[in-house]
Number of protein chains: 2
Amino acid sequence: MSDYLVIPRQQHDDLVIAAYQSRGYDAAEAAEGAKLAAEAARHGIRTHHALKALHLDHLFGSATGGCVPSAEIEVLPSRFPASEIWNANKKLGQSVAYRAIERGIELADQYGIAQISVDNAFHYLWGGGYVMEAAERGYLAYTNCTSTLAEVVPFGGKFPTLGTNPHSWGMPTMAASGFPLVIDWATSTVAMGRVQALKREGKSLPPGAAVDKDGNPTTDPHQVSSLLPFGGHKGYGLSLINELMAALIGGSLPTHRGRPVPVAGEKSTSAFYFQIVHPDALNGRDFAFGRSQMENLTAVVRDILGHGNESAMLPGQLEAQARKQSDQHGGLLFTAAEVAEFNEINRELGRLEWDLAQLAVAK
Amino acid sequence: MSDYLVIPRQQHDDLVIAAYQSRGYDAAEAAEGAKLAAEAARHGIRTHHALKALHLDHLFGSATGGCVPSAEIEVLPSRFPASEIWNANKKLGQSVAYRAIERGIELADQYGIAQISVDNAFHYLWGGGYVMEAAERGYLAYTNCTSTLAEVVPFGGKFPTLGTNPHSWGMPTMAASGFPLVIDWATSTVAMGRVQALKREGKSLPPGAAVDKDGNPTTDPHQVSSLLPFGGHKGYGLSLINELMAALIGGSLPTHRGRPVPVAGEKSTSAFYFQIVHPDALNGRDFAFGRSQMENLTAVVRDILGHGNESAMLPGQLEAQARKQSDQHGGLLFTAAEVAEFNEINRELGRLEWDLAQLAVAK
């Protein structure tokens with residue numbers, strides 16, 4: 001791997017918090033935004049760390065009204081005790097998501113399963129980060145959301161009317177594998193960012209990943225107009241789930257989503273869905289060899305990765321390895337180019353730049 | 001399409017009920033088994049109708065002890081009011097599944113979301129049928145189960161340690177599309193039955209669907225030893241969900257599942273998971289143009305299938321078409337070969353054979 005510079009977490013968080021606060025976010029929002037950014041960097045999620053978060057906020061968020069600093073979450077009255085319905089009023093997505101996980105855990109402790117639906121939401125960036133936190137604390141967690149833009153063509157169609165709509169599941173496998181299992185991906189075969197990268201590198205897309213402006217399949221990144229769901233009709237179905245749940249929560253037409261100036265009468269916001277399950281609420285108490293529930297989970301994971309499958313990985317394993325590496329180096333790992341971008345933000349905010357000569361290098 | 005013979009539903013159900021009862025199942029179980037078989041045939045699910053159900057029961061069920069007629073479902077004490085934990089004691093899977101959906105709906109009416117986990121379960125055949133029923137009644141429904149045999153190799157591995165582990169989601173789209181949206185598929189690219197069919201037809205598998213005995217990818221059905229998950233690591237993650245939830249419920253090692261004579265101390269049963277959501281528990285009551293929740297769902301579905309996407313289909317649409325066709329013909333549609341198999345069962349049970357000359361033909 002290439003060399004990384006080690007940024008102490010506090011130093012990273014101070015800058016990110018200052019950046020959010022300079023855009024009008026309150027202290028709690030800024031801290032929640034910094035936390036998700038730090039956790040993304042710590043787990044090697046290079047597509048969703050602070051630079052991406054602040055850039056997205058600039059493009060679609062506080063600068064354009066897509067996200068509203070210091071907005072209050074409104075909890076709607078509901079007759080269903082294991083469910084909550086929130087109007088996020090375009091509050092920072094990371095704040096809403098962390099609070100939904102927290103509230104979901106409280107409700108799951110009481111009811112065994114709980115759900116929080118969120119209307120009028122703004123991008124929460126890395127769904128895997130939220131379910132990972134719940135899974136690490138011992139719960140099963142799930143979230144989905146509608147992506148900002150409709151870039152994906154339905155299976156059998158020609159025009160992009162679906163978001164890249166991700167799903168994220170977390171499982172409490174700490175005892176079984178030493179880290180929470182986290183399944184976290186978009187329902188498109190590749191992201192539009194990957195198409196841009198392949199274009200720069202002069203490479204082709206895998207087959208079945210994209211279509212040109214006429215809706216015909218293409219592997220040439222220069223011809224790509226829209227993306228395709230992964231796995232044909234199966235990934236298409238998974239993408240529809242997010243759209244339909246969002247439609248039941250309060251999301252408007254997918255082709256109108258994410259527009260800075262929405263079409264009159266339509267909404268342009270995303271929706272979130274969160275679900276937490278307490279593992280005791282599943283426990284049939286009849287495990288082979290008198291194993292405990294977590295011992296049984298460990299035995300099953302070992303069986304799946306045994307028998308010559310030792311080179312297979314669990315979802316979340318790469319993230320766990322990156323986290324270990326970050327923690328061993330005592331900070332967050334960024335490339336020199338990323339540190340230069342952070343320093344640009346330091347300058348914009350009138351802060352002292354990070355001194356590259358003083359930063360440890362992780363090889 | 002080829003010609004089908006029309007079997008009146010009552011005539012079908014009488015035979016299937018008699019077949020189940022001859023194997024020791026009680027009247028309620030036999031009726032539930034017949035219902036799922038009839039609904040599968042009615043919706044064109046030719047892989048899971050009565051002939052498959054009775055064959056499976058013969059191979060792995062009542063004849064070998066994998067399924068126990070007249071077994072009682074035991075509801076375990078639980079401190080979680082929106083969750084139930086059932087020990088199915090190897091009762092007929094279809095009975096357990098229909099009852100779990102019914103109980104899940106009752107609980108979702110009260111809590112907004114509900115889950116039923118089921119240990120010591122036997123094959124419920126067609127997960128789509130159960131979530132379809134709940135969706136038709138206005139709920140969001142989800143089920144997964146562990147498949148009887150471990151036939152699927154983990155992504156990056158060589159040895160089959162996962163079931164073909166299906167997921168089924170149902171969505172209340174009756175108003176939006178005239179039928180419930182049902183997403184229902186295995187997490188393997190193809191089923192082992194499809195491999196056998198391709199072998200008979202002298203055809204190749206799609207790439208990425210299977211491996212040979214050494215764990216190397218193959219498209220030659222004669223070389224196939226095990227299956228691969230669909231969509232690479234994404235389908236692998238989805239298959240893991242079923243295994244890990246089953247492990248938390250009470251399932252034993254996947255490589256021991258489905259064996260008529262289990263390894264001493266291990267369990268060989270599957271596990272089921274059911275979840276029901278009341279759509280009102282998601283409703284943010286802030287829909288564009290003052291639409292109702294179901295009007296909004298309709299608008300979103302039209303947007304997705306508009307813009308030149310008119311040839312795209314919704315999951316569940318083919319099943320809805322088959323159902324319409326069945327209902328128009330006033331019965332269930334079977335091929336002459338299938339009717340001959342039903343008559344074999346009539347003979348075995350000492351019943352009058354169905355008179356082919358008296359059956360209507362559906363062209």
Side-chain angles (χ1 to χ4, degrees), chain A residues 76 78 80-83 85 87 111-113 115 117 119 154-159 161-162 169 171 183 185 230-231 234-235 237 241 243-244 247-250 252-255 265-267 278-279 281-289 293 296-297 299-300 303-304 307-309 311-313 315, chain B residues 76 78 80-83 85 87 111-113 115 117 119 154-159 161-162 169 171 183 185 230-231 234-235 237 241 243-244 247-250 252-255 265-267 278-279 281-289 293 296-297 299-300 303-304 307-309 311-313 315:
Chain A
L76 275 69
S78 164
F80 300 107
S83 307
I85 307 163
N87 179 351
Y111 297 101
I113 185 167
Q115 64 185 352
S117 59
D119 192 16
F155 181 71
K158 293 185 162 237
F159 189 85
T161 56
L162 302 166
W169 289 268
M171 302 288 255
I183 299 163
W185 29 252
F230 87 95
K234 296 185 181 181
I241 288 173
E243 296 294 349
L244 271 53
L248 292 168
I249 293 170
S252 197
L253 308 190
T255 58
E266 293 293 350
K267 291 165 70 177
H278 195 303
L282 305 175
N283 188 338
R285 288 166 250 162
D286 179 26
F287 300 102
F289 294 107
Q293 188 185 39
N296 196 58
L297 188 62
V300 166
D303 191 45
I304 292 169
H307 312 279
N309 291 336
S311 60
M313 281 194 301
Chain B
L76 275 69
S78 164
F80 300 107
S83 308
I85 307 162
N87 179 351
Y111 297 102
I113 185 166
Q115 63 186 352
S117 59
D119 191 17
F155 181 72
K158 295 185 160 237
F159 189 85
T161 56
L162 301 165
W169 289 267
M171 302 287 256
I183 299 163
W185 29 251
F230 87 96
K234 296 185 182 181
I241 289 173
E243 295 295 349
L244 270 54
L248 293 167
I249 293 169
S252 196
L253 309 191
T255 58
E266 294 293 349
K267 292 165 70 176
H278 196 303
L282 304 175
N283 188 338
R285 289 167 250 163
D286 179 26
F287 300 102
F289 294 106
Q293 187 184 39
N296 196 58
L297 188 63
V300 166
D303 191 46
I304 293 168
H307 311 280
N309 291 336
S311 60
M313 281 194 300

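Of all heavy-atom pairs spanning A:A288 and B:E266, the tightest one is CB-OE1, 3.7 Å. Taking each heavy atom of A:V300 and B:E243 in turn, the nearest pair found is CG1-O, 4.1 Å. Closest approach of A:I241 to B:M171, counting heavy atoms only: O-CE, 3.9 Å. When every heavy atom of B:I304 is checked against every heavy atom of A:P154, the shortest pair comes out as O-CG, 3.7 Å. Taking all atoms of both residues into account, the shortest heavy-atom contact from B:S117 to A:A281 is OG-O, 3.9 Å.
For the options A:L76, A:L297, A:N87, A:L248, heavy-atom pairs under 4.5 Å to chain B are most numerous at A:L248. For the set A:K234, A:Q293, A:H307, the entry with the most heavy-atom pairs within less than 4.5 Å of chain B is A:K234. Interface check for chain B: of the options A:I183, A:L162, A:L253, the most heavy-atom pairs under 4.5 Å are formed by A:L253. Note on B:A299, B:P279, B:S78, B:P254: by heavy-atom pairs under 4.5 Å with chain A, the leading option is B:P254. When each of A:P315, A:S83, A:G231 is scored by its heavy-atom pairs under 4.5 Å with chain B, the top score falls to A:S83. Top candidate by heavy-atom pairs under 4.5 Å with chain A, chosen from B:G235, B:G157, B:G308, B:A247, is B:A247.
In this pair, B:Y111 and A:Y111 present their aromatic rings tilted. The plane angle is within the 30 to 60° band. Between B:F80 and A:H278, the ring planes lie tilted relative to each other; the angle falls in the 30° to 60° range.
The contact between A:M313 and chain B is made entirely by backbone atoms, counting heavy-atom distances below 4.5 Å. Interface remark: B:L244 contributes backbone and side-chain atoms alike to the contact with chain A (heavy atom separation under 4.5 Å). For B:F155, the part lying near chain A is the backbone, with the side chain staying farther off; criterion is any non-hydrogen pair under 4.5 Å.
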Inset, instruction - I would like to know whether A:I85 and B:L282 meet side chain to side chain contact (heavy atoms under 4.5 Å, CB included); could you show each step before the answer? - result: CA-CA 6 Å; A:I85 307 163; B:L282 304 175; 5.9 Å; no
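For the atom pair B:K158 NZ and A:N309 CG, the distance stands at 9.5 Å (nearest 0.5 Å). In this structure, the separation between OG on B:S252 and CZ on A:F287 is 10.0 Å, given to the nearest 0.5 Å.
In this structure, B:R285 and A:D119 have side chains that are not in contact, with every pair of non-hydrogen atoms separated by 4.5 Å or more. For the pair A:D286 and B:K267, the minimum side-chain heavy-atom distance is below 4.5 Å.
With sequence neighbours left out, the side chain to side chain donor-acceptor pair (under 3.5 Å) criterion links A:N283 to no other residue. Judged as a ring pair (Phe, Tyr, Trp, His ring centres under 6.0 Å), and not counting sequence neighbours, the contacts of A:F230 are A:W185, B:F230.
The closest donor-acceptor contact from the side chain of A:Q115 to the backbone of B:G112 lies under 3.5 Å.
When only modelled atom types and interatomic distance are considered, B:D303 and A:T161 share no side-chain donor-acceptor pair under 3.5 Å.
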